[in-house]
Chemist: 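I have a structure I would like to understand better, so I am pasting it below and will then ask my questions one at a time.
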Amino acid sequence: MTVSVRTLFFAAYRDLLGTAELDVQVPEGATVSDLVASLRARGEPFASLPAIPAVAVNRTYADPGARLGAGDEVAFIPPVAGG
Amino acid sequence: MTVSVRTLFFAAYRDLLGTAELDVQVPEGATVSDLVASLRARGEPFASLPAIPAVAVNRTYADPGARLGAGDEVAFIPPVAGG
Amino acid sequence: MIHADVVDGPIAPAEVLARVGSDRDGAALLFVGVVRDHDGGRAVEGMRYDAYREMAVEVLEAIAEEAGERAGSDRVAVVHRVGELQVGDVSVAIAVSTPHRAESFDAARYVIEQIKLRLPVWKKEHYVDGQSAWKDGCVPVADGPGRTP
Amino acid sequence: MIHADVVDGPIAPAEVLARVGSDRDGAALLFVGVVRDHDGGRAVEGMRYDAYREMAVEVLEAIAEEAGERAGSDRVAVVHRVGELQVGDVSVAIAVSTPHRAESFDAARYVIEQIKLRLPVWKKEHYVDGQSAWKDGCVPVADGPGRTP
(Lines give C-alpha, C1' and ligand atoms only; values in the text may rest on other atoms or scores of the structure.)
Protein backbone atom coordinates (compact mmCIF):
# COMPACT_ATOMS: atom_id res chain seq x y z
CA MET A 1 0.00 0.00 0.00
CA THR A 2 1.27 3.45 -0.87
CA VAL A 3 -0.14 6.88 -0.15
CA SER A 4 0.30 10.10 -2.02
CA VAL A 5 1.87 13.19 -0.44
CA ARG A 6 2.33 16.63 -1.93
CA THR A 7 5.89 17.94 -1.74
CA LEU A 8 6.69 21.64 -2.04
CA PHE A 9 10.05 23.20 -2.84
CA PHE A 10 11.06 26.79 -2.17
CA ALA A 11 13.82 29.22 -3.02
CA ALA A 12 17.17 27.48 -3.57
CA TYR A 13 15.51 24.03 -3.62
CA ARG A 14 13.06 25.19 -6.25
CA ASP A 15 15.94 26.54 -8.33
CA LEU A 16 17.83 23.28 -7.85
CA LEU A 17 14.96 21.02 -8.91
CA GLY A 18 13.36 23.33 -11.43
CA THR A 19 9.98 22.56 -9.88
CA ALA A 20 7.79 24.03 -7.15
CA GLU A 21 5.79 20.94 -6.28
CA LEU A 22 5.55 17.24 -6.88
CA ASP A 23 3.13 14.51 -5.88
CA VAL A 24 5.07 11.57 -4.48
CA GLN A 25 3.97 8.04 -3.56
CA VAL A 26 5.36 6.75 -0.28
CA PRO A 27 4.69 3.47 1.58
CA GLU A 28 2.02 3.74 4.27
CA GLY A 29 3.71 4.61 7.56
CA ALA A 30 6.72 6.19 5.83
CA THR A 31 8.56 8.94 7.70
CA VAL A 32 9.89 12.27 6.51
CA SER A 33 13.33 10.62 6.33
CA ASP A 34 12.00 7.87 4.12
CA LEU A 35 10.51 10.44 1.75
CA VAL A 36 13.75 12.40 1.60
CA ALA A 37 15.75 9.22 0.95
CA SER A 38 13.44 8.10 -1.83
CA LEU A 39 13.66 11.50 -3.51
CA ARG A 40 17.46 11.62 -3.24
CA ALA A 41 17.59 8.11 -4.73
CA ARG A 42 16.17 9.52 -7.97
CA GLY A 43 19.62 10.87 -8.79
CA GLU A 44 20.45 14.44 -9.76
CA PRO A 45 19.20 17.03 -9.18
CA PHE A 46 17.28 15.38 -6.31
CA ALA A 47 20.48 13.80 -4.96
CA SER A 48 21.70 17.33 -4.20
CA LEU A 49 18.94 17.91 -1.63
CA PRO A 50 20.35 17.75 1.91
CA ALA A 51 20.13 14.35 3.59
CA ILE A 52 18.34 15.97 6.56
CA PRO A 53 16.59 19.08 5.27
CA ALA A 54 14.28 21.19 7.42
CA VAL A 55 10.77 20.09 6.54
CA ALA A 56 7.28 21.28 7.41
CA VAL A 57 4.39 18.84 7.35
CA ASN A 58 1.04 20.53 6.90
CA ARG A 59 2.67 23.89 7.66
CA THR A 60 4.34 22.84 10.92
CA TYR A 61 8.06 22.13 11.25
CA ALA A 62 8.49 18.37 11.63
CA ASP A 63 11.22 15.99 12.79
CA PRO A 64 12.78 13.53 10.34
CA GLY A 65 11.01 10.74 12.19
CA ALA A 66 7.51 12.22 11.74
CA ARG A 67 5.14 9.77 10.00
CA LEU A 68 3.35 10.80 6.82
CA GLY A 69 -0.27 10.18 5.92
CA ALA A 70 -2.24 10.38 2.71
CA GLY A 71 -2.59 13.92 1.40
CA ASP A 72 0.03 15.45 3.67
CA GLU A 73 1.70 18.61 2.41
CA VAL A 74 5.46 18.24 2.90
CA ALA A 75 7.47 21.41 2.33
CA PHE A 76 11.25 21.38 1.96
CA ILE A 77 12.49 24.49 3.74
CA PRO A 78 15.90 25.93 2.84
CA PRO A 79 17.56 28.03 5.56
CA VAL A 80 15.11 30.87 6.17
CA ALA A 81 16.06 34.53 5.80
CA GLY A 82 13.05 36.73 6.48
CA GLY A 83 13.03 40.18 8.00
CA MET B 1 33.24 91.27 47.92
CA THR B 2 30.10 89.51 46.77
CA VAL B 3 28.93 88.46 43.34
CA SER B 4 25.43 87.98 42.03
CA VAL B 5 24.15 84.64 40.73
CA ARG B 6 20.80 83.85 39.23
CA THR B 7 19.02 80.91 40.84
CA LEU B 8 16.23 79.00 39.09
CA PHE B 9 13.66 76.72 40.68
CA PHE B 10 11.59 74.11 38.88
CA ALA B 11 8.61 71.87 39.49
CA ALA B 12 8.27 70.88 43.16
CA TYR B 13 10.91 73.44 44.23
CA ARG B 14 9.05 76.18 42.43
CA ASP B 15 5.82 75.14 44.14
CA LEU B 16 7.63 75.05 47.47
CA LEU B 17 9.16 78.51 47.17
CA GLY B 18 6.41 80.14 45.18
CA THR B 19 9.04 81.60 42.88
CA ALA B 20 10.76 80.58 39.65
CA GLU B 21 13.93 82.60 40.01
CA LEU B 22 15.86 84.74 42.42
CA ASP B 23 19.05 86.80 42.21
CA VAL B 24 21.29 85.95 45.14
CA GLN B 25 24.50 87.58 46.42
CA VAL B 26 27.23 85.15 47.39
CA PRO B 27 30.81 85.75 48.55
CA GLU B 28 33.38 85.62 45.78
CA GLY B 29 34.67 82.04 45.54
CA ALA B 30 31.52 80.57 47.10
CA THR B 31 30.57 77.02 46.13
CA VAL B 32 27.23 75.50 45.22
CA SER B 33 27.08 74.15 48.79
CA ASP B 34 27.62 77.62 50.20
CA LEU B 35 24.77 78.97 48.10
CA VAL B 36 22.44 76.19 49.17
CA ALA B 37 23.35 76.70 52.84
CA SER B 38 22.78 80.44 52.63
CA LEU B 39 19.37 79.94 51.03
CA ARG B 40 18.32 77.33 53.59
CA ALA B 41 19.41 79.71 56.34
CA ARG B 42 16.65 82.10 55.27
CA GLY B 43 14.15 79.89 57.07
CA GLU B 44 10.96 78.47 55.59
CA PRO B 45 10.13 77.75 52.84
CA PHE B 46 13.82 77.80 51.82
CA ALA B 47 14.80 75.60 54.78
CA SER B 48 12.76 72.81 53.14
CA LEU B 49 15.09 72.64 50.15
CA PRO B 50 17.30 69.53 50.34
CA ALA B 51 20.71 70.05 51.94
CA ILE B 52 22.36 68.57 48.85
CA PRO B 53 20.03 69.15 45.90
CA ALA B 54 20.97 68.31 42.33
CA VAL B 55 22.11 71.56 40.76
CA ALA B 56 23.05 72.68 37.27
CA VAL B 57 25.43 75.59 36.82
CA ASN B 58 25.10 77.24 33.45
CA ARG B 59 23.04 74.27 32.22
CA THR B 60 25.51 71.56 33.24
CA TYR B 61 25.04 69.33 36.27
CA ALA B 62 27.52 70.43 38.93
CA ASP B 63 29.01 68.99 42.12
CA PRO B 64 28.31 70.64 45.47
CA GLY B 65 31.92 71.80 45.54
CA ALA B 66 31.76 73.64 42.22
CA ARG B 67 32.74 77.31 42.56
CA LEU B 68 30.38 80.05 41.45
CA GLY B 69 31.23 83.16 39.48
CA ALA B 70 29.43 86.41 38.77
CA GLY B 71 26.37 85.95 36.59
CA ASP B 72 26.25 82.16 36.87
CA GLU B 73 22.86 80.56 36.35
CA VAL B 74 22.28 78.04 39.13
CA ALA B 75 19.28 75.77 38.65
CA PHE B 76 17.86 73.66 41.46
CA ILE B 77 16.83 70.39 39.85
CA PRO B 78 14.24 68.21 41.59
CA PRO B 79 14.36 64.49 40.70
CA VAL B 80 13.77 64.42 36.94
CA ALA B 81 10.92 62.49 35.32
CA GLY B 82 10.97 62.99 31.57
CA GLY B 83 9.90 60.55 28.92
CA MET C 1 -5.97 42.97 18.34
CA ILE C 2 -3.01 40.77 17.39
CA HIS C 3 -2.41 41.38 13.68
CA ALA C 4 -0.11 39.41 11.38
CA ASP C 5 0.01 39.45 7.62
CA VAL C 6 2.11 38.80 4.55
CA VAL C 7 1.55 41.33 1.77
CA ASP C 8 2.63 41.90 -1.81
CA GLY C 9 2.53 45.68 -1.91
CA PRO C 10 4.31 48.47 -0.04
CA ILE C 11 4.07 48.56 3.75
CA ALA C 12 3.06 51.83 5.43
CA PRO C 13 4.84 51.68 8.82
CA ALA C 14 2.62 54.39 10.33
CA GLU C 15 -0.42 52.24 9.61
CA VAL C 16 1.16 49.28 11.37
CA LEU C 17 1.94 51.49 14.37
CA ALA C 18 -1.65 52.75 14.33
CA ARG C 19 -2.86 49.17 14.91
CA VAL C 20 -1.44 49.18 18.42
CA GLY C 21 -1.84 51.53 21.35
CA SER C 22 -4.45 51.83 24.07
CA ASP C 23 -5.20 54.14 26.95
CA ARG C 24 -3.35 51.86 29.32
CA ASP C 25 -0.15 51.81 27.26
CA GLY C 26 2.62 54.28 28.04
CA ALA C 27 4.97 52.93 25.38
CA ALA C 28 4.72 52.01 21.72
CA LEU C 29 7.50 50.72 19.55
CA LEU C 30 7.77 50.39 15.79
CA PHE C 31 10.56 48.42 14.17
CA VAL C 32 11.06 48.71 10.43
CA GLY C 33 13.25 46.44 8.32
CA VAL C 34 14.47 48.05 5.13
CA VAL C 35 16.39 46.80 2.09
CA ARG C 36 19.85 48.30 2.41
CA ASP C 37 22.37 49.01 -0.31
CA HIS C 38 25.03 46.57 0.83
CA ASP C 39 25.46 43.13 2.35
CA GLY C 40 28.60 41.26 3.26
CA GLY C 41 30.65 43.91 1.50
CA ARG C 42 28.73 43.69 -1.79
CA ALA C 43 26.68 46.51 -3.29
CA VAL C 44 23.00 45.53 -3.42
CA GLU C 45 20.36 47.09 -5.65
CA GLY C 46 17.34 45.01 -4.69
CA MET C 47 16.01 41.86 -3.15
CA ARG C 48 13.38 39.28 -4.01
CA TYR C 49 11.46 37.89 -1.06
CA ASP C 50 9.80 34.50 -1.55
CA ALA C 51 7.55 32.88 1.04
CA TYR C 52 5.74 29.68 1.81
CA ARG C 53 2.86 31.98 2.13
CA GLU C 54 0.15 30.00 3.91
CA MET C 55 2.64 28.80 6.49
CA ALA C 56 4.33 32.18 6.79
CA VAL C 57 1.05 33.81 7.81
CA GLU C 58 0.49 31.11 10.44
CA VAL C 59 4.05 31.39 11.80
CA LEU C 60 3.83 35.18 11.89
CA GLU C 61 0.59 34.92 13.86
CA ALA C 62 2.19 32.46 16.27
CA ILE C 63 5.20 34.73 16.77
CA ALA C 64 2.98 37.76 17.39
CA GLU C 65 0.92 35.78 19.91
CA GLU C 66 4.04 34.62 21.71
CA ALA C 67 5.39 38.15 21.81
CA GLY C 68 2.12 39.38 23.22
CA GLU C 69 2.15 36.71 25.92
CA ARG C 70 5.70 37.65 26.89
CA ALA C 71 4.76 41.32 27.03
CA GLY C 72 1.40 40.86 28.69
CA SER C 73 -0.15 42.78 25.79
CA ASP C 74 -2.48 41.92 22.94
CA ARG C 75 -1.34 45.02 21.05
CA VAL C 76 1.09 43.47 18.58
CA ALA C 77 1.08 43.96 14.80
CA VAL C 78 3.49 42.58 12.23
CA VAL C 79 3.44 42.79 8.45
CA HIS C 80 6.00 41.18 6.14
CA ARG C 81 6.25 41.99 2.46
CA VAL C 82 7.15 39.57 -0.34
CA GLY C 83 8.06 40.09 -3.98
CA GLU C 84 10.64 42.33 -5.62
CA LEU C 85 11.92 45.14 -3.39
CA GLN C 86 14.35 47.97 -4.06
CA VAL C 87 16.86 49.62 -1.75
CA GLY C 88 14.90 51.66 0.77
CA ASP C 89 11.74 49.55 0.54
CA VAL C 90 10.27 48.32 3.82
CA SER C 91 10.37 44.52 4.09
CA VAL C 92 8.87 44.18 7.56
CA ALA C 93 7.17 46.39 10.14
CA ILE C 94 6.55 45.38 13.74
CA ALA C 95 4.57 47.42 16.24
CA VAL C 96 3.92 46.74 19.92
CA SER C 97 2.42 48.77 22.72
CA THR C 98 2.60 48.04 26.44
CA PRO C 99 2.04 49.88 29.71
CA HIS C 100 5.82 50.17 30.30
CA ARG C 101 8.70 50.56 27.86
CA ALA C 102 10.81 47.49 28.65
CA GLU C 103 8.08 45.12 27.46
CA SER C 104 7.69 46.96 24.16
CA PHE C 105 11.40 46.72 23.43
CA ASP C 106 11.52 43.06 24.43
CA ALA C 107 8.45 42.07 22.45
CA ALA C 108 9.47 43.85 19.24
CA ARG C 109 12.92 42.34 19.50
CA TYR C 110 11.41 38.90 20.04
CA VAL C 111 9.30 39.23 16.90
CA ILE C 112 12.18 40.19 14.62
CA GLU C 113 14.51 37.54 16.06
CA GLN C 114 11.88 34.84 15.68
CA ILE C 115 11.20 35.97 12.12
CA LYS C 116 14.86 35.42 11.34
CA LEU C 117 14.78 31.99 13.00
CA ARG C 118 11.47 30.53 11.88
CA LEU C 119 9.59 32.45 9.23
CA PRO C 120 9.51 30.48 5.95
CA VAL C 121 10.71 33.41 3.87
CA TRP C 122 13.77 33.60 1.66
CA LYS C 123 15.54 36.46 -0.01
CA LYS C 124 17.53 36.56 -3.18
CA GLU C 125 19.88 39.49 -3.24
CA HIS C 126 20.41 41.29 -6.53
CA TYR C 127 23.86 42.81 -6.61
CA VAL C 128 24.86 45.92 -8.49
CA ASP C 129 27.26 43.78 -10.53
CA GLY C 130 24.29 41.92 -12.03
CA GLN C 131 24.62 38.71 -10.02
CA SER C 132 22.00 37.33 -7.65
CA ALA C 133 22.18 34.88 -4.77
CA TRP C 134 19.96 33.40 -2.08
CA LYS C 135 20.99 34.82 1.23
CA ASP C 136 22.21 32.41 3.88
CA GLY C 137 19.81 31.94 6.73
CA CYS C 138 18.77 29.94 9.76
CA VAL C 139 17.70 26.32 9.82
CA PRO C 140 14.37 26.20 11.64
CA VAL C 141 13.93 23.54 14.30
CA ALA C 142 10.92 21.33 14.82
CA ASP C 143 10.55 21.44 18.58
CA GLY C 144 8.20 24.35 19.09
CA PRO C 145 9.07 28.02 19.11
CA GLY C 146 12.59 28.89 18.01
CA ARG C 147 15.09 30.28 20.40
CA THR C 148 16.70 33.69 20.29
CA PRO C 149 20.38 33.23 19.36
CA MET D 1 21.38 64.62 10.85
CA ILE D 2 21.18 64.30 14.63
CA HIS D 3 17.96 66.05 15.64
CA ALA D 4 16.84 66.94 19.17
CA ASP D 5 14.09 69.29 20.21
CA VAL D 6 11.65 70.24 22.94
CA VAL D 7 8.25 71.29 21.63
CA ASP D 8 5.00 72.70 22.97
CA GLY D 9 2.58 71.21 20.47
CA PRO D 10 1.61 67.67 19.45
CA ILE D 11 4.35 65.33 18.21
CA ALA D 12 3.81 63.47 14.93
CA PRO D 13 5.77 60.23 15.40
CA ALA D 14 5.85 59.47 11.67
CA GLU D 15 7.62 62.78 11.08
CA VAL D 16 10.24 61.92 13.66
CA LEU D 17 10.76 58.54 11.99
CA ALA D 18 11.04 60.28 8.63
CA ARG D 19 14.08 62.19 9.93
CA VAL D 20 16.15 59.02 10.01
CA GLY D 21 16.89 56.36 7.42
CA SER D 22 19.45 56.11 4.66
CA ASP D 23 20.28 53.70 1.86
CA ARG D 24 22.84 51.99 4.05
CA ASP D 25 20.42 51.34 6.90
CA GLY D 26 18.57 48.04 7.08
CA ALA D 27 16.80 48.87 10.34
CA ALA D 28 14.84 51.79 11.72
CA LEU D 29 13.24 52.01 15.12
CA LEU D 30 10.68 54.42 16.51
CA PHE D 31 9.90 54.56 20.21
CA VAL D 32 6.90 56.55 21.35
CA GLY D 33 6.14 57.50 24.95
CA VAL D 34 2.47 58.12 25.61
CA VAL D 35 0.49 59.43 28.58
CA ARG D 36 -1.28 56.40 30.00
CA ASP D 37 -4.45 56.25 32.05
CA HIS D 38 -2.92 54.89 35.24
CA ASP D 39 0.19 55.11 37.37
CA GLY D 40 1.04 53.35 40.58
CA GLY D 41 -2.52 52.06 40.78
CA ARG D 42 -4.14 55.50 40.42
CA ALA D 43 -6.34 56.54 37.52
CA VAL D 44 -4.69 59.36 35.56
CA GLU D 45 -6.45 61.79 33.27
CA GLY D 46 -3.53 63.95 32.21
CA MET D 47 -0.05 65.16 32.90
CA ARG D 48 1.76 68.48 32.93
CA TYR D 49 5.34 68.37 31.67
CA ASP D 50 7.62 71.19 32.82
CA ALA D 51 11.17 71.63 31.58
CA TYR D 52 14.28 73.66 32.19
CA ARG D 53 13.96 74.26 28.55
CA GLU D 54 17.31 75.68 27.43
CA MET D 55 19.14 72.96 29.31
CA ALA D 56 16.72 70.24 28.23
CA VAL D 57 17.44 70.94 24.56
CA GLU D 58 21.18 70.74 25.23
CA VAL D 59 20.88 67.52 27.23
CA LEU D 60 18.64 65.97 24.60
CA GLU D 61 21.21 66.84 21.93
CA ALA D 62 23.99 65.33 24.03
CA ILE D 63 21.99 62.14 24.58
CA ALA D 64 21.23 61.83 20.87
CA GLU D 65 24.90 62.35 20.00
CA GLU D 66 25.97 59.72 22.51
CA ALA D 67 23.40 57.27 21.16
CA GLY D 68 24.65 57.90 17.65
CA GLU D 69 28.24 57.26 18.71
CA ARG D 70 27.25 54.01 20.36
CA ALA D 71 25.33 52.92 17.28
CA GLY D 72 27.84 54.18 14.74
CA SER D 73 25.04 56.20 13.15
CA ASP D 74 24.26 59.88 12.80
CA ARG D 75 20.61 59.04 12.11
CA VAL D 76 19.07 59.78 15.49
CA ALA D 77 16.06 62.02 16.16
CA VAL D 78 14.34 62.77 19.44
CA VAL D 79 11.53 65.16 20.28
CA HIS D 80 10.09 65.75 23.75
CA ARG D 81 6.88 67.62 24.37
CA VAL D 82 6.12 69.90 27.31
CA GLY D 83 2.90 71.47 28.59
CA GLU D 84 -0.47 69.94 29.40
CA LEU D 85 -1.03 66.50 27.91
CA GLN D 86 -4.03 64.19 27.99
CA VAL D 87 -4.17 60.39 28.09
CA GLY D 88 -3.04 59.11 24.70
CA ASP D 89 -0.92 62.16 23.89
CA VAL D 90 2.65 61.50 22.78
CA SER D 91 5.20 62.88 25.25
CA VAL D 92 8.36 61.73 23.48
CA ALA D 93 9.33 60.17 20.16
CA ILE D 94 12.73 58.67 19.42
CA ALA D 95 13.85 57.42 16.01
CA VAL D 96 17.10 55.73 15.04
CA SER D 97 18.30 53.98 11.90
CA THR D 98 21.36 51.77 11.53
CA PRO D 99 22.71 49.19 9.09
CA HIS D 100 21.79 46.32 11.44
CA ARG D 101 18.93 45.94 13.89
CA ALA D 102 20.77 45.43 17.17
CA GLU D 103 22.25 48.93 17.07
CA SER D 104 18.84 50.53 16.47
CA PHE D 105 17.34 48.76 19.47
CA ASP D 106 20.33 49.61 21.66
CA ALA D 107 20.46 53.26 20.63
CA ALA D 108 16.74 53.93 21.06
CA ARG D 109 16.80 52.23 24.43
CA TYR D 110 19.82 54.32 25.43
CA VAL D 111 18.01 57.53 24.54
CA ILE D 112 14.90 56.78 26.58
CA GLU D 113 16.87 55.52 29.59
CA GLN D 114 19.10 58.59 29.56
CA ILE D 115 16.05 60.84 29.28
CA LYS D 116 14.71 59.27 32.46
CA LEU D 117 18.08 59.72 34.19
CA ARG D 118 19.20 63.16 33.05
CA LEU D 119 16.68 65.24 31.16
CA PRO D 120 15.58 68.25 33.26
CA VAL D 121 11.89 67.59 32.75
CA TRP D 122 9.25 67.01 35.39
CA LYS D 123 5.72 65.75 35.25
CA LYS D 124 2.78 66.52 37.43
CA GLU D 125 0.18 63.81 37.23
CA HIS D 126 -3.46 64.83 37.29
CA TYR D 127 -5.54 62.05 38.79
CA VAL D 128 -9.14 61.31 37.97
CA ASP D 129 -10.01 62.02 41.62
CA GLY D 130 -9.01 65.66 41.09
CA GLN D 131 -5.67 65.55 42.89
CA SER D 132 -2.30 66.26 41.28
CA ALA D 133 1.26 65.34 42.25
CA TRP D 134 4.79 65.62 40.93
CA LYS D 135 5.96 62.23 39.87
CA ASP D 136 9.00 60.77 41.60
CA GLY D 137 12.07 60.63 39.45
CA CYS D 138 15.81 60.20 39.22
CA VAL D 139 18.45 62.40 40.81
CA PRO D 140 20.86 63.37 38.02
CA VAL D 141 24.57 63.09 38.75
CA ALA D 142 27.25 65.58 37.90
CA ASP D 143 30.01 63.34 36.60
CA GLY D 144 29.31 63.24 32.90
CA PRO D 145 26.74 61.17 31.08
CA GLY D 146 24.33 59.27 33.29
CA ARG D 147 24.40 55.54 33.48
CA THR D 148 21.70 53.12 32.46
CA PRO D 149 20.28 51.56 35.64
Side-chain angles (χ1 to χ4, degrees), chain C residues 12-18 20-40 43-47 75 85-102 104-113 115-116 123 125 128 135 148-149, chain D residues 12-18 20-40 43-47 75 85-102 104-113 115-116 123 125 128 135 148-149:
Chain C
E15 289 174 17
V16 180
L17 180 61
V20 302
S22 84
D23 279 357
R24 64 187 178 286
D25 291 331
L29 196 143
L30 172 68
F31 174 83
V32 181
V34 183
V35 176
R36 64 170 184 267
D37 66 4
H38 63 95
D39 190 57
V44 169
E45 66 175 19
M47 198 97 91
R75 285 80 69 200
L85 278 71
Q86 304 302 313
V87 169
D89 284 348
V90 174
S91 56
V92 61
I94 300 163
V96 183
S97 68
T98 55
H100 300 276
R101 67 190 180 281
S104 279
F105 276 93
D106 291 349
R109 188 69 187 264
Y110 179 82
V111 172
I112 185 64
E113 299 301 334
I115 283 174
K116 303 272 179 190
K123 49 191 169 203
E125 291 183 331
V128 171
K135 193 165 156 60
T148 305
Chain D
E15 289 174 17
V16 180
L17 180 60
V20 303
S22 84
D23 280 356
R24 63 186 178 286
D25 291 332
L29 197 143
L30 172 68
F31 174 82
V32 180
V34 183
V35 177
R36 65 170 184 268
D37 65 5
H38 62 95
D39 190 59
V44 170
E45 66 174 18
M47 198 96 90
R75 285 81 69 200
L85 278 71
Q86 304 301 313
V87 169
D89 284 348
V90 173
S91 56
V92 62
I94 300 163
V96 184
S97 68
T98 55
H100 300 276
R101 67 189 180 281
S104 278
F105 276 93
D106 290 349
R109 187 68 187 264
Y110 179 82
V111 172
I112 185 65
E113 298 302 332
I115 283 174
K116 304 270 179 191
K123 49 192 169 201
E125 292 183 332
V128 171
K135 193 166 156 59
T148 307

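This structure is a prediction, so every number in the text was calculated from the model and none was measured. Per chain, numbering begins at 1; letters A, B, ... match sequence-line order. No hydrogens, no waters, no symmetry mates; every other heavy atom, side chains included, goes into these values.
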Chemist: Please look at D/Ala102 and chain C and tell me whether the side chain, the backbone, both or neither of the residue comes under 4.5 angstrom of a heavy atom of that chain.
Modeler: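 The answer is both parts of D/Ala102.
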Chemist: Counting heavy-atom pairs under 4.5 Å to chain C, which of D/Ser104, D/Ser91, D/Pro99, D/Ser97 comes out on top?
Modeler: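 Greatest number of close heavy-atom pairs with chain C: D/Pro99.
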Chemist: Kindly indicate whether the side chain of C/Arg101, heavy atoms from C-beta on, has any atom under 4.5 Å from the side chain of D/Ile112.
Modeler: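 Heavy-atom side-chain distance check passes, below 4.5 Å.
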Chemist: For D/Asp25, is there any backbone N or O sitting under 3.5 Å from a side-chain donor or acceptor partner on C/Arg36?
Modeler: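 Here the side-chain-to-backbone pair does not exist.
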Chemist: Tell me, out of C/Val90, C/Ile94, C/Val35, C/Leu29, who's got the most heavy-atom pairs with chain D below 4.5 Å.
Modeler: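 The candidate making the most pairs under 4.5 Å is C/Leu29.
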Chemist: Listed by chain and number, what are the salt bridge (Lys or Arg N to Asp or Glu O under 4.0 Å) partners of C/Lys135, not counting sequence neighbours?
Modeler: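 C/Lys135: salt bridge (Lys or Arg N to Asp or Glu O under 4.0 Å) contacts with C/Asp39.
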Chemist: Select one option (side chain, backbone, both, neither) describing which atoms of C/Ala95 are under 4.5 Å from chain D's heavy atoms.
Modeler: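 When you check distances to chain D, no heavy atom of C/Ala95 falls under 4.5 Å.
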Chemist: Under 6.0 Å from the CD atom of C/Glu15, do we count more than 12 heavy atoms belonging to anything else shown?
Modeler: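 12 or below, so no.
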Chemist: Select one option (side chain, backbone, both, neither) describing which atoms of C/Leu17 are under 4.5 Å from chain D's heavy atoms.
Modeler: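 For C/Leu17, the side chain is the part near chain D, not the backbone.
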Chemist: Can you tell which part of D/Ala93 gets under 4.5 Å to a heavy atom of chain C, answering side chain, backbone, both or neither?
Modeler: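 Neither part.
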Chemist: Please state whether the side chain, the backbone, both or neither of D/Ala27 comes within less than 4.5 Å of a heavy atom of chain C.
Modeler: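 For D/Ala27, heavy atoms of backbone and side chain both lie under 4.5 Å from chain C.
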Chemist: Is the ring pair D/Phe31/C/Phe105 parallel, tilted or perpendicular, if the boundaries are 30 and 60 degrees?
Modeler: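 The arrangement is parallel - the two ring planes meet at less than 30°.
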Chemist: So for C/Ala28, is it side chain, backbone, both, or neither that comes closer than 4.5 Å to the heavy atoms of chain D?
Modeler: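 Both parts, backbone and side chain.
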